[in-house]
K.L.:
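First the structure, then my questions, so here it is.
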Amino acid sequence: MADYRTIKAEPLTNVVRAIVKAGGSTDREAELVSTNLVEANLRGHDSHGVGMIPRYVQSVTTGGLALNQHVKIVLDTGPLLTLDGLTGYGQVMGYEAMELGAERAKRNGVCLVGLSNSHHIGRIGHWAEQCIDHGLVSIHFVNVISRPIVAPWGGSDARHGTNPFCVGIPRRGKAPIVLDFATSRIAQGKTRVAHNKGVELEPGTIIDNEGKPTTNPRYTVIPPHGAILPFGEHKGSGLALVCEILGGALSGGQVVKGPSDGKYNVLNGMLSIIIDPGKLGTGENLASEVESFVAWHTASPPAPGVDKVKIAGDPERETKKKRLAEGVPVDPTTWQEILEAGKKFGLDQAAIEKIAG
């Protein structure tokens, strides 16, 4: 960690906000993007954090990311909501989609939200947490339109994206359950982080451009490209297939149909099911039964080398507490990329360093 710099959350947020604003975004857009990315870092998901800014800047400059957009309502029946993200910042599209969906779920008991054509919507747990703040349960299926990076089970080259799946369940007076994972063995951004750090990946995570096992993360970052393997063998691959179709097609968007067009764009489609337990008439039952099961689940005697049995969301909360106190570690390659990204929008290194403190 000696080469890392550690930056407190507030100045790091200020850096990202300044870069996004310099690119032409409104204050509100810059706020949503910066707080979302830093929150991902705080929760330990550096793959979806500030290291994305260079990719966003590249997408803005090449026309793949449209500034200051808002979700377009294509269809609204109350319980059914179809939205077009118009290739705008995913941090804005995700936020607006979940606010619209939450309002309708509280009115009707449930809302099925199809969001298509959004630029990269980041950590999906962020959207589940937004629904949790409204007291709502949510389920999310997501696909990725970009350069295919994950191989299907039994395949030897990349055919789709990391296609996340997420579920958020609120708890009364307790930390919520947030299950959020890529259907690949590892998030694509985590391979970028490993490449930037100069470290190897775990065996069985990726294959090279010839379909052979490798631990070198370069095969997911620079050509010739290999592929990440699915988690859980055929099970993860099957869930990725479902996320592609539900998140991509049923949402009103597109699915991966072939190699990337060469543009540096990342579009997401997301199908979200948002449920109001109170309107379903099972709110009290959910509240008590969740606690009963969590108590039983976490009371399992820890395996050797494990301090305690956790629930989904615990590791992120523990990391956030630590990083709020100590700061967010940023590797030198990522920091240099952020400085270069700022320069493209007219912010020189001295200005960014001053903001970062």
Side-chain angles (χ1 to χ4, degrees), residues 48 52 55-56 58-77 80-98 100-101 111-124 126-127 138-153 155 157-166 180-184 187-189 220 225 227-228 230 236-274:
H48 291 67
M52 288 304 302
R55 279 85 198 158
Y56 293 176
Q58 193 168 358
S59 288
V60 170
T61 55
T62 57
L65 168 50
L67 300 179
N68 302 315
Q69 298 297 311
H70 298 283
V71 287
K72 176 185 174 186
I73 296 176
V74 178
L75 177 138
D76 180 5
T77 70
L80 299 170
L81 192 58
T82 308
L83 305 170
D84 190 327
L86 305 173
T87 73
Y89 266 114
Q91 286 74 12
V92 175
M93 300 307 137
Y95 175 79
E96 293 183 352
M98 292 305 97
L100 290 168
C111 186
L112 183 73
V113 184
L115 172 65
S116 64
N117 302 317
S118 169
H119 198 266
H120 184 248
I121 55 177
R123 184 178 69 93
I124 310 307
H126 195 95
W127 312 123
S138 64
I139 306 163
H140 310 263
F141 302 88
V142 183
N143 87 318
V144 188
I145 299 294
S146 186
R147 173 173 61 81
I149 188 63
V150 182
W153 172 244
D157 69 353
R159 294 283 153 161
H160 57 77
T162 52
N163 293 13
F165 172 75
C166 179
D180 176 21
F181 58 80
T183 50
S184 50
Q188 183 179 358
T220 64
H225 292 116
I228 309 171
S237 193
L239 186 55
L241 176 76
V242 167
C243 286
E244 187 71 38
I245 294 165
L246 298 184
L250 189 58
S251 71
Q254 43 190 323
V255 297
V256 177
K257 301 180 184 77
S260 153
D261 59 10
K263 292 179 184 172
Y264 208 101
N265 300 339
V266 182
L267 293 180
N268 287 129
M270 178 166 71
L271 186 79
S272 301
I273 304 163
I274 307 174

K.L.:
Could you give the distance from CE (Met270) to CG (Asn143), rounded to the nearest 0.5 Å?
P.N.:
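Atom-to-atom, Met270:CE and Asn143:CG are 11.0 Å apart.
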
K.L.:
Taking atom CG of Leu83 and atom CG of Leu115, what is their separation to the nearest 0.5 Å?
P.N.:
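The distance works out to 6.0 Å.
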
K.L.:
Are any side-chain N or O atoms of Asp180 and backbone N or O atoms of Cys166, one a donor and one an acceptor, separated by less than 3.5 Å?
P.N.:
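Not at all, since once roles are kept as given, no pair shorter than 3.5 Å links the two residues.
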
K.L.:
To check you understand the geometry: which heavy-atom pair defines the closest contact between Ser116 and Ser251, and what is its length?
P.N.:
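Shortest heavy-atom contact: CB-OG, 4.0 Å.
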
K.L.:
Can you measure from CG (Leu65) to CZ (Arg55) and round to the nearest 0.5 angstrom?
P.N.:
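Those atoms lie 14.0 Å apart.
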
K.L.:
Any idea which heavy atoms bring His160 and Ala240 closest together, and the distance?
P.N.:
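The pair with the smallest heavy-atom distance is CE1-CB, 3.6 Å.
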
K.L.:
Please check this pair: side chain of Thr183 against backbone of Asn163, looking for a donor-acceptor N/O pair closer than 3.5 Å.
P.N.:
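Such a contact is found between Thr183 side chain and Asn163 backbone.
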
K.L.:
Say you draw a straight line from OG of Ser146 to CG of Leu267; how long is it, rounded to the nearest 0.5 Å?
P.N.:
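If we round to the nearest 0.5 Å, Ser146:OG and Leu267:CG are 8.0 Å apart.
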
K.L.:
At their closest point, which heavy atom of Thr162 faces which heavy atom of Ser184, and how far apart are they?
P.N.:
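Of all heavy-atom pairs spanning Thr162 and Ser184, the closest is CG2-OG, 3.4 Å.
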
K.L.:
Between Ala187 and Ala182, what is the shortest heavy-atom contact and its length?
P.N.:
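Distance-wise, the nearest heavy atoms are CA-CB, 4.4 Å.
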
K.L.:
Parallel, tilted or perpendicular for Phe165 and Phe181, by the 30°/60° rule?
P.N.:
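Rings of Phe165 and Phe181: tilted, 30 to 60°.
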
K.L.:
Has Glu244 got a side-chain atom pairing as donor or acceptor with Val242's backbone, closer than 3.5 angstrom?
P.N.:
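Such a contact is absent between Glu244 side chain and Val242 backbone.
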
K.L.:
What distance do Ile145 atom CD1 and Asn268 atom CG have between them, rounded to the nearest 0.5 Å?
P.N.:
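Here the rounded value is 9.0 Å.
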
K.L.:
Which heavy-atom pair separates Cys243 from Pro164 by the least distance, and what is that distance?
P.N.:
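Smallest heavy-atom distance, with atoms named: SG-O, 3.5 Å.
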
K.L.:
Would you mind telling me which of Leu81, Leu86, Val92, Leu100 makes a side chain to side chain contact (heavy atoms under 4.5 Å, CB included) with Val71?
P.N.:
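Only match with Val71 under side chain to side chain contact (heavy atoms under 4.5 Å, CB included): Leu100.
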
K.L.:
Counting N and O atoms only, with roles assigned by atom type, does the side chain of Trp127 sit under 3.5 Å from a partner on the main chain of Ile121, one being a donor and the other an acceptor?
P.N.:
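Confirmed, Trp127 side chain pairs with Ile121 backbone.
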
K.L.:
Distance check, rounded to the nearest 0.5 Å: Ile245 atom CD1 versus Phe141 atom CZ?
P.N.:
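Output value for this atom pair is 11.5 Å.
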
K.L.:
Is there a side-chain contact between Leu67 and Tyr89 in this structure, where contact means two heavy atoms from C-beta onward sitting under 4.5 Å apart?
P.N.:
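Side chain of Leu67 against side chain of Tyr89, heavy atoms only: contact under 4.5 Å found.
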
K.L.:
Arg159 pairs by side chain to side chain contact (heavy atoms under 4.5 Å, CB included) with which of Pro152, Ser237, Pro259?
P.N.:
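Between Arg159 and the candidates, side chain to side chain contact (heavy atoms under 4.5 Å, CB included) is satisfied uniquely by Pro152.
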
K.L.:
I want to check something: taking the side chain as every heavy atom from C-beta on, are Gln69 and Glu96 in contact at a cut-off of under 4.5 Å?
P.N.:
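Gln69 does not reach Glu96 side chain to side chain.
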
K.L.:
Using a distance-only test with no angle check, is there a side-chain donor-acceptor pair under 3.5 angstrom linking His119 and Thr87?
P.N.:
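No, because no side-chain N or O of His119 sits under 3.5 Å from a partner of the opposite role on Thr87.
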
K.L.:
One pair to check against side-chain contact (heavy atoms from CB on, under 4.5 Å): Gln254 and Asn117. What are the steps and the verdict?
P.N.:
CA-CA 8 Å; Gln254 43 190 323; Asn117 302 317; 3.6 Å; yes

K.L.:
Of the non-hydrogen atoms in Ala158 and Pro148, which two are nearest, and what is the gap between them?
P.N.:
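For Ala158 and Pro148, the tightest heavy-atom pair comes out as CB-O, 3.3 Å.
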
